[in-house]
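Structure first, then comments.
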Amino acid sequence: MACLWGHKWDGCQCTKCGKVRSEEHDWDLCKGACRKCGSKQAEQHDWEGCKCKRCGKTRDAEHDWAGCKCKRCGKTQDIDHGWAGCTCIRCGRRRDVEHNIAEVPDKCAKRCVRCGKEVPFHKNEDFDGNCICKKCGIEEHNFKQVYMEKKSSLSSLPDEKWICSRCGTVKEGWIDWNNVGRGCAEGAEGKCKKCGACSLPTYYIIYPDKRKFRIKNDGSKAPIK
């Protein structure tokens, strides 16, 4: 009844009864909504490259790349990094190389001053005569590779051991198959990269679990009974 003799329009809405008409909306173009009545339409952004100049919304198109980072929206890509050691100075991405390591006081560790990654670290003077760290209690040997005299004339390889340079603990070595030529392992023509022999000899080894094995000429291993 308030608008029997006509509405009093304020844009799209009557100030008397609240009725809405489909004209003179006050559009928020970026939200696609009328500020007065809430009617909807498609969003209409004012794009400048990947970013709207009005509302700041971004899209995954027309980036302004400066190496690995877009100068407008901050999006990153995994190419063209500006590495300073382990950290990219543009996007902050990190890699597990070229750390700037410094010792951590009162701790058996070193820490990267750029990314904060910590790695265990001990000095020789940290260990007692049994290779037990006096700070943290960990047991850690410093094994060095040592070639001994051959035990058997059947083997053309020297006996290989690993001896701790601090406490003298010994563990037997083993053949590194990455250093054996393919032809040598198969008994075909070709030489072992390590010993120079044309066929792999029988060789006795002890693995860390203390089980003994015999390496056969064909490269297979068999337990020693």
So does [Y] get a backbone contact from the side chain of [X], meaning a donor-acceptor N/O pair under 3.5 Å?
X: T15; Y: K8; answer: yes
X: R90; Y: C70; answer: no
X: K134; Y: E125; answer: yes
X: R166; Y: E140; answer: yes
X: R95; Y: G85; answer: yes
X: Q77; Y: G67; answer: yes

[atom2] on [Y] to [atom1] on [X], rounded to 0.5 Å:
X: K107; Y: K135; atom1: NZ; atom2: NZ; value: 12.0 Å
X: H141; Y: N130; atom1: NE2; atom2: CG; value: 8.5 Å
X: T58; Y: K51; atom1: OG1; atom2: NZ; value: 8.0 Å
X: C112; Y: E98; atom1: SG; atom2: CD; value: 10.5 Å
X: E43; Y: C30; atom1: CD; atom2: SG; value: 7.5 Å

Decide yes or no for [X] and [Y]: does some side-chain heavy atom of the first lie under 4.5 Å from some side-chain heavy atom of the second?
X: K75; Y: W65; answer: yes
X: W27; Y: Q41; answer: yes
X: W47; Y: E62; answer: no
X: Q13; Y: D10; answer: no
X: C133; Y: D126; answer: yes
X: R21; Y: W9; answer: yes

Please report the shortest heavy-atom distance between [X] and [Y], naming the atom on each side.
X: D28; Y: R35; value: CA-NH2, 3.6 Å
X: H81; Y: C88; value: ND1-SG, 3.6 Å
X: T76; Y: C91; value: CG2-CB, 3.4 Å
X: R111; Y: G116; value: CG-O, 3.6 Å
X: S39; Y: H25; value: OG-CE1, 3.6 Å
X: A33; Y: K40; value: CB-NZ, 3.8 Å

- prompt: Quick check: are there more than 12 heavy atoms from other residues, nucleotides or ligands sitting under 6.0 Å from CG of D128?
  reply: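 More than 12 within 6.0 Å, yes.
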- prompt: Picking from R93, R94, R114, what satisfies side-chain contact (heavy atoms from CB on, under 4.5 Å) with C86?
  reply: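 The passing option is R114.
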query: Does the side chain to side chain contact (heavy atoms under 4.5 Å, CB included) test come out yes or no for V119 and H99, once each step is laid out?
result: CA-CA 11 Å; V119 294; H99 294 288; over 6 Å; no
- request: Determine, stepwise, if the pair S165 / N142 fulfils side chain to side chain donor-acceptor pair (under 3.5 Å).
  value: CA-CA 6 Å; S165 61; N142 185 28; 2.8 Å; yes
- request: Given side chain to side chain contact (heavy atoms under 4.5 Å, CB included), test C55 with K31 step by step and report yes or no.
  value: CA-CA 9 Å; C55 71; K31 292 182 178 179; over 6 Å; no
